[in-house]
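Reading through the C-alpha cells given below for one structure.
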Amino acid sequence: MTGNIAGEIEKKYGSILFKDPSIEFGYNIIIIKNRLPIIEKIFFFIISAGAMSVIVLKLLLPLSLIYIVIGVTTLLYYSSSAFQRVEINFLRNEVVVQNKLPYVDKIRKKLLNKPPVIPFHEIANFENVQHKHNYFIGPNSSFGSLGERRSLLVLNSFDHSPITLAEFRFERDSRRLAELLQVYIKGRTKMSNIVFKSATKDE
C-alpha cells in the first residue's frame, strides 16, 4: 500500500465525538485503546488487593482459594479489552493486539487461539457485532448501563478465533470503522451481516 492509508481512513471516518475507545490516527498506523471507568478500576483494585492479602496473611485455605479464583477470573476478563492496545499498521500490513498485563498474550494465543499479530492476508473480514451487557462488571459497563447494548468491532481471521478490537457505545461508530477497514484492508465494499449476541453471567 502507498500513501497515508490511516490518514485517508481518518478523513472518511470524520470527527470523533467520543472518548471511549480512544482512536489515534498516525502515519499509516491506527491505534485503538479501550478505557476502564473509574468505578471499575476501584472494583478491580479491591479484587486484586484482596486476593494478594489473603495469600500473604495465610487465612483460611478455602477462602484463599475462592479469592484467588475470583481475582484471576476478573483479571483475565478485564485483560481481554480494558488493558488492550490495538495497532493497525499499514506499513507492515498487520494488526497487532497487545495487552499490558503479563502473560495475557501468551494465554490468549495458546488457550484461546488468538495470536497477538494477524497479517492482513490472514484476515477474513471485519464485523460489527451487537453485544448486550446483562451485568455491570466489564469494560465499558457501569451500574447505570445494566442491560445496555454495545457494538463490538470484531476481526475474523481464516485460522483463528474472532478477536474483539474495540467496544463502542453507538453502533454507527463501530460500523463505520468496520466498513472502512474492510475497504482499505480487504478491498471489499460489502459488509458482513450484523451478528446479535447477548452476554449473560452464565457465559
Side-chain angles (χ1 to χ4, degrees), residues 1 5-6 9 19-38 40-52 55 67-129 131 133 135 137-141 150-168 174 177-178 181-182 184-186 195 197 199 203:
M1 296 183 178
I5 304 301
I9 293 177
K19 296 182 179 180
D20 187 15
S22 167
I23 303 178
E24 302 174 12
F25 294 92
Y27 181 75
N28 275 316
I29 292 179
I30 300 175
I31 297 176
I32 305 174
K33 300 176 184 178
N34 280 316
R35 302 189 182 206
L36 195 63
I38 184 63
E40 294 178 21
K41 289 181 179 179
I42 296 173
F43 176 83
F44 180 72
F45 174 79
I46 292 174
I47 290 294
S48 302
M52 293 300 299
I55 296 173
Y67 241 123
I68 292 173
V69 171
I70 293 176
V72 172
T73 302
T74 305
L75 189 67
L76 292 176
Y77 178 79
Y78 279 116
S79 69
S80 64
S81 59
F83 297 97
Q84 180 172 281
R85 178 183 186 273
V86 176
E87 179 183 297
I88 303 173
N89 194 313
F90 293 94
L91 296 176
R92 297 198 298 263
N93 292 329
E94 64 185 17
V95 176
V96 181
V97 183
Q98 295 179 322
N99 203 283
K100 297 179 181 179
L101 299 176
Y103 306 110
V104 170
D105 291 334
K106 292 182 179 179
I107 293 174
R108 294 181 64 182
K109 180 178 180 180
K110 293 182 179 180
L111 299 182
L112 303 178
N113 192 28
K114 296 182 178 183
V117 180
I118 307 95
F120 284 177
H121 67 269
E122 293 184 7
I123 298 174
N125 63 0
F126 292 91
E127 191 172 37
N128 176 52
V129 178
H131 180 89
H133 286 295
Y135 39 76
I137 301 172
N140 297 299
S141 304
R150 293 276 180 166
S151 292
L152 308 182
L153 173 62
V154 178
L155 182 157
N156 294 312
S157 63
F158 294 108
D159 301 319
H160 305 287
S161 301
I163 299 176
T164 298
L165 301 182
E167 185 172 346
F168 295 78
S174 174
L177 187 54
L181 293 176
Q182 189 80 350
Y184 282 93
I185 293 180
K186 302 307 297 180
V195 176
K197 179 180 178 182
E203 289 182 346

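These figures come from a predicted structure and were not determined experimentally.
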### Message
Using side chain to side chain contact (heavy atoms under 4.5 Å, CB included), reason through Ile163 and Val95 one step at a time and then give a plain yes or no.
### Response
CA-CA 11 Å; Ile163 299 176; Val95 176; over 6 Å; no
### Task
Give a yes or no on whether the backbone of Asn128 and the side-chain of Ser174 come within a donor-acceptor separation of less than 3.5 Å.
no
#### Entry: Any donor-acceptor N/O pair, Gln182 side chain to Phe126 backbone, under 3.5 Å
yes
Distance (rounded to the nearest 0.5 Å) between [X] [atom1] and [Y] [atom2]:
X      : Y      : atom1 : atom2 : result
Ile31  : Arg85  : CD1   : CZ    : 4.0 Å
Glu24  : Glu87  : CD    : CD    : 10.5 Å
Glu127 : Leu155 : CD    : CG    : 10.5 Å
Gln84  : Lys33  : CD    : NZ    : 12.0 Å
Phe168 : Ile32  : CZ    : CD1   : 6.0 Å
Asn89  : Asn28  : CG    : CG    : 7.5 Å

### Query
Do Asn156 and Asn125 have side-chain N/O donor and acceptor atoms under 3.5 Å apart?
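Result is yes, a qualifying pair exists.
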### Query
Does the side chain to side chain contact (heavy atoms under 4.5 Å, CB included) test come out yes or no for Ile123 and Ile118, once each step is laid out?
CA-CA 7 Å; Ile123 298 174; Ile118 307 95; 3.8 Å; yes
### Query
Which residue pairs pass the side chain to side chain donor-acceptor pair (under 3.5 Å) test with at least one member in residues 110-119, sequence neighbours excluded?
Asn113-His160
Testing the basics here: between [X] and [Y], what is the closest heavy-atom pair and its distance to 0.1 Å?
X      : Y      : answer
Glu167 : Pro21  : O-CD, 3.3 Å
Ser161 : Leu112 : OG-O, 3.0 Å
Ile29  : Ala6   : N-CB, 3.5 Å

### Summary
salt bridge (Lys or Arg N to Asp or Glu O under 4.0 Å) filter on Glu94, not counting sequence neighbours, yields Arg92
### Message
The criterion is side-chain contact (heavy atoms from CB on, under 4.5 Å); which residues satisfy it with Ile9, sequence neighbours excluded?
### Response
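Scan of Ile9 (side-chain contact (heavy atoms from CB on, under 4.5 Å), adjacent residues dropped) gives Ile5, Phe25, Ile30, Phe90, Leu177, Leu180, Leu181, Tyr184.
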### Query
Is the closest side-chain heavy-atom distance between His121 and Asn93 below 4.5 Å?
no
